[in-house]
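First up is the structure itself, then whatever we jot down about it.
Since the structure is predicted, the reported quantities are computational estimates derived from the model, not experimental observations. Computed from heavy atoms alone, side chains included, the values below leave out hydrogens, waters and symmetry copies. Atoms within a ligand are numbered from 1 in the order they appear, just like the ligands themselves. Just so you know, residue 1 is the first one in the sequence shown, and it goes up from there.
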Amino acid sequence: MTKDVMLWLARTLLAVRLGRLVEAQALYSNTTNPNPVNLTDAYSPPYYPSPWMDGTGPGWAEAYQKAQAFVSQLTLLEKVNLTTGVGWEGEACVGNVGAIPRLGFPSLCMQDSPLGVRFADYVSAFTAGGTIAASWDRGEFYRRGYQMGVEHNGKGVDVQLGPVVGPLGRNPKGGRNWEGFSPDPVLSGIAIAETVRGIQDAGVIACTKHYILNEQEHFRSPGAFGDFGQVDAISSNVDDKTLHELYLWPFADAVRAGTGSIMCSYNKINNSQACQNSYLQNYILKGELGFQGFIMSDWDAQHGGVASTLAGLDMTMPGDTDFDSGLSFWGPNLTISVINGTLPEWRLDDAATRIMAAYYYVGRDRHAVPTNFNSWSKDTYGYQHAFAQTGYGIINQHVDVRAEHYASIRIAAAKSTVLLKNNGVLPLTGREKFTAIFGNDATESEYGPNGCADRGCDNGTLAMGWGSGTSDFPYLVTPLEAIKSELVSKGGMAQSVTDNWAYSQIAALAKQASVSIVFVNADSGEGYITVDGNAGDRNNLTLWQDGEALVKNVSAYSNNTIVVIHSVGPVLIDSFYDSPNISAILWAGLPGQESGNAIADVLYGRVNPGGKLPFTIGRDESEYGPDLIYEPTNGHGSSQDNFDEGVFIDYRAFDKNNVTPIYEFGFGLSYTTFAYSNLNIVKIPAGPYTATTGKTLAAPVLGNYSTDPADYQWPSNLTYVSHYIYPYLNSTDLKEASNDPEYGAEVEWPKGATDGSPQPRIAAGGGLGGNPQLWDVLFSVTATITNNGTVPGDEVAQLYISLGGPNEPVVALRNFERLSIQPGQSATFTADITRRDVSNWDTVTQNWVITDHKKTVHVGSSSRTLLLSATLDL
Ligand SMILES: *[C@@H]1O[C@H](CO)[C@@H](O)[C@H](O)[C@H]1NC(C)=O
Ligand SMILES: *[C@@H]1O[C@H](CO)[C@@H](O)[C@H](O)[C@H]1NC(C)=O
Ligand SMILES: *[C@@H]1O[C@H](CO)[C@@H](O)[C@H](O)[C@H]1NC(C)=O
Ligand SMILES: *[C@@H]1O[C@H](CO)[C@@H](O)[C@H](O)[C@H]1NC(C)=O
Ligand SMILES: *[C@@H]1O[C@H](CO)[C@@H](O)[C@H](O)[C@H]1NC(C)=O
Ligand SMILES: *[C@@H]1O[C@H](CO)[C@@H](O)[C@H](O)[C@H]1NC(C)=O
Ligand SMILES: *[C@@H]1O[C@H](CO)[C@@H](O)[C@H](O)[C@H]1NC(C)=O
Ligand SMILES: *[C@@H]1O[C@H](CO)[C@@H](O)[C@H](O)[C@H]1NC(C)=O
Ligand SMILES: *[C@@H]1O[C@H](CO)[C@@H](O)[C@H](O)[C@H]1NC(C)=O
Ligand SMILES: CC(=O)N[C@H]1CO[C@H](CO)[C@@H](O)[C@@H]1O
């Protein structure tokens, strides 16, 4: 053992002990103004007890009743089974909890991903979250969610592990930003709410993730990092106002939309591990936001037993302490913690009730089909329990769940394509004399579309990032295929060079072409895979595969060069975007399986582009604010990542610092043009905002249990699956059964943690997503949008508000509507402004307030093209 490792070990052991002590010491603090703006030594205050669900919100009351009736029948062991995963690769899905055979209740199946069914065949590869966001189309958000839900349901999945609003996208290099929607909380909030509704209307529980401030891949969880050795998880340190106004905002929308589940993240927040952060789980999520569903851990993001249970965790995934350790913080330990009196039964009852309520809320009692695929093998026959290599039989029925989803995916991808520049060459007619196509991003990888595990390489056209947020492509229509078939049918000339470094061939072809279409990309993904030196997070914002050189090499010879960018987010285009030889630029994001068809639809004018950038394209990465942390800043301890920039990310940072971007947030061109007129604002009478008061009911206790360890021993007739996590005890000596050297150590658990008596309700709470009066409509806004061109087109009209005051964003998006308008016709843009839209978070009163500062509303075609403005009469 090196000295460093010994030091680290000593510190870790100390930290584990201290972790418990700190929780105990925190007894006497309170939650008033929890996070000062000075983030040095950031600290997350304790909040106990964990709120028990109460059936608040549309649809939840009935689900709650059914769940209580179900849980009331369960034994303690059965309740533990419902909350604890069976271990990594123990069952068919990426996560499964134990079954309840006595009631014929099968094991619940949790499956990635936010863009389709991962690890399965005969499924669709949908447009990625960060790309569909560019459609700014509520209908597309919902339809995509619904179709993904249908596919998960058809494969026998109970919980789809998505959608994503954490990362939100604080820094454009964050590896998993593309899984989520946008760094703007309102665009993200609307997108996640529609996606949650879509998934759950299909009868599958949505798992909104990752809660919260999981903004980078490096050091997201404790582990060994090459030369750095063991490093603790990063701590995202945030103040209360930024939490509420930025990062929490879309989670509130997901809760309001009824998300059945939320996944806690790998990182720490204000130095407290997310899955046992009582402030964020108990106070904020289950308290203030009134979340009714269950909190599930990210895979191995649980780092303590009783501590996480009291801090509000309801389900541990995949159930083992480390993948396939055969040990668990819950399972037997959870059983023991109830019978030794440490954990009150109501807390376990609440966890089980929340899981079952989500199940009934989405109607899984009516929809569920048995799981008919296996994540760990595509073979028809194999082992049901992959890690244990037992349970041989049929494991894959190869059920085709794709229906006609391909058609919607093509439309969605085309509607999400953003036209950034067009000097008049687009749309193409298909009768161009000689079309040249360039770039390895135009063609299929030589390994095939699924050739690299979890898409962990950047070969061929990019239509998805890498990591767990992926699904297998059923096929991938490449740009080259689609463009060629377009032209060949019309007798055109179409040739390609797809080797980015074949300089002489590139030059020769570019010289002949009447139009050159260049495909370039930039990739990123989840941190467990490194691609071209990028450990999940991008190392830079430049194009990959020498894309910039390719664009220059083509445009040096071709004065009609169209650039198509497939990327996970912003890329640097400063060196070529304004060259006269670059006649058009399109951002096509990560389109999914119909990539080529969708871009051809836009290039050849079948779809008039109406997408708008869901992020800002600047000139330099420093314009986006603080960098990611690529090297530990605290030795082997927690790197301290202070979110000092507050709410000023993406366009809010550019606006604040008066930096003109190349293409701003909300920007996107069309083949037609639009005029804005007639801004009209009607004040709607709404009562005053009142704080929620009063107390909750007492925690319900469902059933009773014996405290005799003999009643919880292994059944003699059980067919044991090796390394599987069960709820049973292997000894009547609880210390021995716990297998924990620290078992019974004197720990003073936080005050109130076990208190099931009625609790004060939270002023800013009271309904799903927060105080229901936050959604009172205060103004109704209309404006006239006119298509004054010659072709039909879509315009996304955007409503921004200036909240006034010295420390507020210049403008903040609050609403939008995508309108389809015929040439010469007008449409009416309609948007409500709610109380929430004009409020700021007040850290002193711990509530939302409307400040005295003058508030202005703007309606326009981007965050910097604010064509109509008026003052709000508040
Ligand atoms: C809460 O803590 C603050 C700051 O430590 C203190 O000023 C205040 O008196 C405390 N409030 C209560 C109700 O204990
Ligand atoms: C923030 O707090 C730390 C320690 O509590 C202190 O050393 C530092 O001076 C403070 N910074 C500011 C800007 O107040
Ligand atoms: C717990 O789940 C396991 C795995 O599904 C199952 O074998 C066992 O019978 C269950 N135990 C109880 C008490 O239901
Ligand atoms: C119980 O949890 C402790 C950690 O708190 C762990 O060391 C032990 O192995 C667990 N026991 C079992 C049986 O999984
Ligand atoms: C940025 O990263 C990409 C992908 O690893 C790489 O191809 C490119 O060369 C890098 N750019 C710079 C300027 O280092
Ligand atoms: C490119 O150059 C040719 C020949 O000079 C000219 O006819 C054509 O209009 C130019 N195209 C564009 C898009 O500038
Ligand atoms: C095991 O034995 C118990 C008690 O006799 C019985 O209820 C249960 O059905 C048996 N389970 C199996 C898997 O045979
Ligand atoms: C109980 O289980 C633990 C962990 O699985 C193991 O280490 C221990 O030896 C077992 N004890 C008995 C008595 O079987
Ligand atoms: C109760 O059980 C839990 C889980 O094994 C253990 O962590 C804790 O130390 C035990 N408490 C007491 C007082 O024995
Ligand atoms: C031709 C090509 O780009 N091949 C790459 C495919 O991906 C692997 C893994 O990243 C690279 O090593 C190859 O160079």
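- Atoms of ligand 9 lying under 4.0 Å from at least one heavy atom of S738, given by number and element, are 5 (O).
- Within ligand 9, counting atoms from 1 as listed, the ones closer than 4.0 Å to a heavy atom of N333 are 4 (C), 5 (O).
- Using a 4.0 Å cutoff on heavy atoms, P101 counts as a contact of ligand 3.
- Within 4.0 Å of atom 5 (O) of ligand 6, not a single protein heavy atom is present.
- Ring centers of Y712 and Y705: at least 6.0 Å apart, outside the cut-off.
- In summary, the aromatic rings of Y724 and F387 are positioned with their centroids too far apart to meet the 6.0 Å limit.
- Less than 4.0 angstrom separates some heavy atom of N559 from each of these atoms of ligand 6: 1 (C), 2 (O), 3 (C), 8 (C), 10 (C), 11 (N), 12 (C), 13 (C), 14 (O).
- Close contacts between ligand 9 and I336 involve ligand atoms 2 (O), 5 (O) [criterion: under 4.0 Å to a heavy atom].
- Centroid-to-centroid, the aromatic rings of F323 and W299 stay 6.0 Å apart or farther.
- Using a 4.0 Å heavy-atom cutoff, S337 is listed among the residues neighbouring ligand 9.
- With ligand atoms numbered from 1 in the order given, ligand 9 contributes 1 (C), 10 (C), 11 (N), 12 (C), 13 (C) to contacts under 4.0 Å with heavy atoms of T342.
- Atoms of ligand 3 found under 4.0 Å from any heavy atom of Y728, numbered from 1 in the order shown, are 8 (C), 9 (O), 10 (C), 11 (N), 12 (C), 13 (C).
- Atom 9 (O) of ligand 6 is never approached by the protein to below 4.0 angstrom, counting heavy atoms only.
- For W376 and Y383, the ring centers sit 6.0 Å or farther from each other.
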